[in-house]
Amino acid sequence: MSQSDLATLVHAAGFVTGIALYAMLGVMVLRERATDRPAAGDRIPLATALLGVLWNVGALALYGPRDLGVAHAFRAGPLLAMGTVAFSALGFLPAVVVHAALQGGKQRERRLLTSAAYLVSAFAAGAQVWGAMADGIVPYPPALRLLAVGYAALLLLVVLRLRGQPGARAALAAAALASFAMMALHLSHHAAADASVSTELLGHHASLLLALVILWQDYRFGLADLFLKRVLAAVALVSAALAAFLAVAPYLSPLWARDVRDPRATVILLTLWIGTALLYPVIRRTLDAFVDQFVLRRVDYHEFRSTLMSGVAALDTPAAVLDAACAALRPALSADQVTWQVDEGDRVASEPWWSTTKQQLVCVPVRTAEAPWYVISVGALRAGRRLMSADLRFLDDVSVDIARRVDAIRAAHERYEREAREQEATQLATAAELRALRAQLNPHFLFNALTTIGHLLQEAPDRALATLLQLTGLLRTVLRPSMSDFVPLSEEMEIVEAYLAIERARFEDRVRVVLDVPEEVRQTRLPPLLLQPLVENAIKHGISPVRAGGSVTVWARTELALDGERLRVSVSDDGVGITTADLARRRKAGLGLSNVERRLACVYGSAATFSFESTPGVGTTVEITLPVRARRRFDEVTPPEHLSVAGPPARERAVTGR
């Protein structure tokens, strides 16, 4: 590649890059103006962008024909006009930069220096027009000398003016670069195409440094996202393609030497082309991650979302989730503040929108399934940070994650409230059933006791009177309204002993009673009137049919089991017994046994057991086991104020585990 060809390539790449950079600067400024967040003097960077675009577009149109060897077109009228506009725009570029650098301070000095800068640029632009019209020369050398000398002097005055002031370094850097761009124009050979590459870079493309400095100072994130990533990816791709070509060049040269159209060379080149195309996405992702992490210091958005959702998984209210999200987003976005509020509109927006207030930058809707909806507001960003398209997509993804978590919390609240209502209704039904069973039990026992007293009135009136007094005391205990749902075993044994005393008065020596209930067991609590029906069933169906009578044994112990301490109680007799078929019919039709079994199921559920064993001619044994600590089938559940997604709450585990 010859020197002129390389200079042509530098010209094309430099002017295209300049157009892209200054256009990017203009887009950034217009974007700020559109979001009603204008910065101080935002017209100045907008003018800088416009002048930079005019210079690079005009210079590209002016020097393109020269570099392509179209000599007759170099002095054509339209191209002369384009060149005049381009160099005049470049002449005004340092004026607006000096204007921006002198913002603030004493108004009189600022006006004098700013006016001087614009006058120098205006005289130079007039000289350019004169040179183009009179001599057909672009650029006009006297105009270039005026710009170089004028801005050299102005730069010295600006340095003296800004010395020691806060923020002077950045302003001086921009002013110095703009002035350098004017001075460097003398280095380039404007009318010749054989200039060196370094000369062309300094002479025609020095203004690129000015655009880069302004963008890096004020729009760092935009420069990195929209320009740096693409440039690095393009350079890496070209380098990879060039390295691959150089690697296979020794194999291609012999093939081309024999026949330029050799199909093997074509296959190799196509393979390289396809491989380069497939490699580009990998290069792009790698460089994007590099720029985000090391240049912009941007957090890993994927990791951030995972960490955020892990953190809010233990929270149980929408407000807590939104507070945690705002607290995490503030440092991640370098924002002054990130807040949330309930959306006041009838329908939440579908995507983030720019705010219309200076305190807020962007508003992100949290689109929950049902109202109320929420809006997260991001305040102004620090360190020149700008929200790019990737940032907006990230915020949109975070809002979706938060909305799902809020919906999950609301669903959990609704589920628990529904379960609480269902369990409350079940508890009321269970309590009503228990009261109905006790209402059945008391008349049943009273009927049998009165039958016994009636029998004694005919045979032994004195014993009938004593038995009636015992029945009166027994009924006073059984039927008192304050009788609780659980009583000590000692009280239950008192009822059983009173009942047995009445039955002994009826059967005399035909009934023998064995009570094997230790004192340490008698304090265990159990539902009332649980044992009396069992003892009554043993006497009525086991002992009564036997002429010689028999014995009834009441036995109770506590024992350890896998689920804790349990009470084991048995009532047995050595009466007539019963067959399996008769046993099934009696358990289905009998009142006393079915009553006890249903009460155990209502109170303890599957935690209690009820067994009935009988052998004809041997006797019958009824045994129950139940937890020592009273355990209701349905625990009281109230609507939860604290939920957790990390694991089911204790109430939920208790209900579902039963």
Side-chain angles (χ1 to χ4, degrees), residues 1-24 27 53 56-57 59-70 73 193-198 200-201 204-205 208 211-212 215 222-296 298 300-302 388-390 393-394 397:
M1 181 181 291
S2 65
Q3 185 75 14
S4 60
D5 292 336
L6 187 59
T8 299
L9 181 62
V10 169
H11 262 129
F15 289 133
V16 171
T17 302
I19 293 172
L21 289 177
Y22 282 105
M24 185 190 309
V27 170
V53 170
N56 284 279
V57 171
L60 180 63
L62 181 65
Y63 291 111
R66 184 203 69 177
D67 295 334
L68 294 175
V70 189
D194 58 349
S196 65
V197 175
S198 59
E200 292 298 323
L201 283 174
H204 289 127
H205 307 296
L208 292 179
L212 288 172
L215 285 170
L223 176 65
D225 267 344
L226 302 179
F227 182 78
L228 183 59
K229 290 180 179 179
R230 275 67 176 177
V231 169
L232 290 178
V235 170
L237 184 65
V238 171
S239 300
L242 181 61
F245 179 78
L246 293 177
V248 301
Y251 303 97
L252 291 175
S253 298
L255 298 177
W256 283 335
R258 298 190 189 98
D259 186 1
V260 177
R261 296 172 296 178
D262 193 313
R264 289 174 293 178
T266 303
V267 170
I268 293 175
L269 291 176
L270 286 176
T271 303
L272 292 179
W273 178 76
I274 295 174
T276 304
L278 295 176
L279 185 63
Y280 178 72
V282 178
I283 295 176
R284 176 71 180 274
R285 288 194 300 269
T286 303
L287 291 176
D288 285 355
F290 173 80
V291 172
D292 286 337
Q293 183 175 358
F294 296 102
V295 178
L296 301 179
R298 179 184 282 164
D300 187 334
Y301 286 157
H302 180 73
M388 310 306 297
S389 57
R393 287 195 300 270
F394 159 70
D397 293 339

- prompt: Between V53, T17, V27, which is the residue that forms a side-chain contact (heavy atoms from CB on, under 4.5 Å) with Y22?
  reply: V53
- request: Pick out which of L269, L270, T271 makes a side-chain contact (heavy atoms from CB on, under 4.5 Å) with V267.
  value: T271
message: Please evaluate residues R284 and D288 with respect to the criterion salt bridge (Lys or Arg N to Asp or Glu O under 4.0 Å), reporting the C-alpha separation (whole Å), side-chain torsions for both, the decisive distance (0.1 Å), and the verdict.
response: CA-CA 6 Å; R284 176 71 180 274; D288 285 355; 3.3 Å; yes
Reported CG-to-CG distance for the pair L279 and L272, which is rounded to 0.5 angstrom: 11.5 Å
- request: Determine the minimum heavy-atom distance between I283 and A236, stating which atoms define it.
  value: CG2-CB, 3.6 Å
